[in-house]
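Only one structure is covered here, and it is reproduced in the block below.
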Amino acid sequence: MRPLQGALSNGVAVPMSMCSRCKRLYLLGSRCEPCSLARAKRREQKRKHTRPSRWARGYNTQYLKARSAILADNPLCSICNPQPASTADHIVPLSRGGTNDIENLRPACGPCNFSRGNRTP
């Protein structure tokens, strides 16, 4: 993109650029200040709304051991069958009082498990 020519009050031509987001002119080599401030604000809001770790959500060592046993015993998804299972699905989700016991887990492929969310069967 070819820089635009702007003029200061003393008549000297200064290279300018146009912001692709808000179409404001700013000095070449710097950034559009309103857009930079808005981007920083969005980044800060996103940082505040991070998800808790898997350990904090209840996926502990008991879950990892049961998951390994489930996937070793049943290599196919119990929901759609033709796909290979890559995750262990909670039959009663943890958010609804389920546990990490092996009786509450079943093998599932990623798309089937993630599409269920926290619903019960």
Side-chain angles (χ1 to χ4, degrees):
M1 177 178 177
R2 200 172 121 194
L4 304 170
Q5 294 297 321
L8 293 178
S9 59
N10 61 4
V12 177
V14 176
M16 304 285 281
S17 186
M18 184 180 291
C19 177
S20 60
R21 177 168 282 192
C22 68
K23 307 300 184 210
R24 289 188 176 115
L25 289 176
Y26 62 92
L27 290 175
L28 190 65
S30 64
R31 293 182 181 235
C32 175
E33 189 172 347
C35 290
S36 294
L37 294 175
R39 182 174 180 228
K41 185 176 179 181
R42 283 191 309 272
R43 192 178 317 129
E44 183 63 29
Q45 287 173 345
K46 185 176 180 182
R47 198 174 301 138
K48 286 180 184 177
H49 298 291
T50 58
R51 206 171 150 176
S53 70
R54 68 180 184 175
W55 298 101
R57 292 187 327 244
Y59 295 95
N60 52 21
T61 307
Q62 179 188 7
Y63 167 75
L64 294 176
K65 288 179 182 177
R67 177 184 181 269
S68 297
I70 291 283
L71 294 178
D73 291 343
N74 305 316
L76 294 179
C77 176
S78 64
I79 300 169
C80 69
N81 280 335
Q83 296 286 336
S86 58
T87 62
D89 178 40
H90 287 89
I91 297 168
V92 178
L94 292 176
S95 62
R96 295 186 178 228
T99 64
N100 286 323
D101 293 334
I102 202 160
E103 295 84 26
N104 191 37
L105 296 174
R106 64 180 173 183
C109 63
C112 288
N113 192 5
F114 302 139
S115 67
R116 273 193 71 232
N118 72 341
R119 292 177 292 192
T120 55

Hey, could you give me the NE2/OG distance between His90 and Ser95, rounded to the nearest 0.5 Å?
10.0 Å
Hey, could you give me the CG/CG distance between Asn104 and Asp89, rounded to the nearest 0.5 Å?
9.0 Å
So Pro34 and Arg24, do their side chains get closer than 4.5 Å, heavy atoms only?
yes
Could you please spell out the steps behind the side chain to side chain contact (heavy atoms under 4.5 Å, CB included) verdict for Leu27 and Met16?
CA-CA 5 Å; Leu27 290 175; Met16 304 285 281; 3.5 Å; yes
Is it possible for you to say whether Ile79 and Ile70 belong to one hydrophobic cluster, with membership spreading through side-chain heavy-atom contacts below 4.5 Å?
no
Taking all atoms of both residues into account, what is the closest heavy-atom pair of Cys77 and Ala108, and its distance?
SG-CA, 3.7 Å
Look only at the side chain of Arg116 and the backbone of Asn113, and say whether a donor-acceptor pair between them is shorter than 3.5 Å.
no
Rounded distance (nearest 0.5 Å) linking atom CD of Glu33 with atom SG of Cys22
11.0 Å
I need the minimum non-hydrogen distance between Ala85 and Pro107, along with the two atoms involved.
CB-CB, 3.6 Å
To the closest 0.5 Å, what do you measure between CZ (Arg96) and CD1 (Ile91)?
14.5 Å
Should the heavy atoms of other residues, nucleotides or ligands under 6.0 Å from CZ of Arg57 be counted, would the total exceed 12?
yes
Nearest-0.5 Å distance that lies between atom CZ in Arg43 and atom CZ in Arg39
4.5 Å
Connected via hydrophobic side-chain network under 4.5 Å: Leu105 and Val92:
no
Contacts under 3.5 angstrom, residues 58-66 side chains, donor-acceptor by atom type, not counting sequence neighbours:
from  : atom 1 : to     : atom 2 : distance (Å)
Asn60 : OD1    : Gln62  : N      : 3.2
Asn60 : OD1    : Tyr63  : N      : 3.2
Asn60 : OD1    : Asn100 : ND2    : 3.3
Gln62 : NE2    : Asp101 : OD1    : 3.0
Tyr63 : OH     : Ala88  : O      : 3.4

Using 0.5 Å steps for rounding, measure from the CG atom of Leu71 to the OG atom of Ser86.
7.5 Å
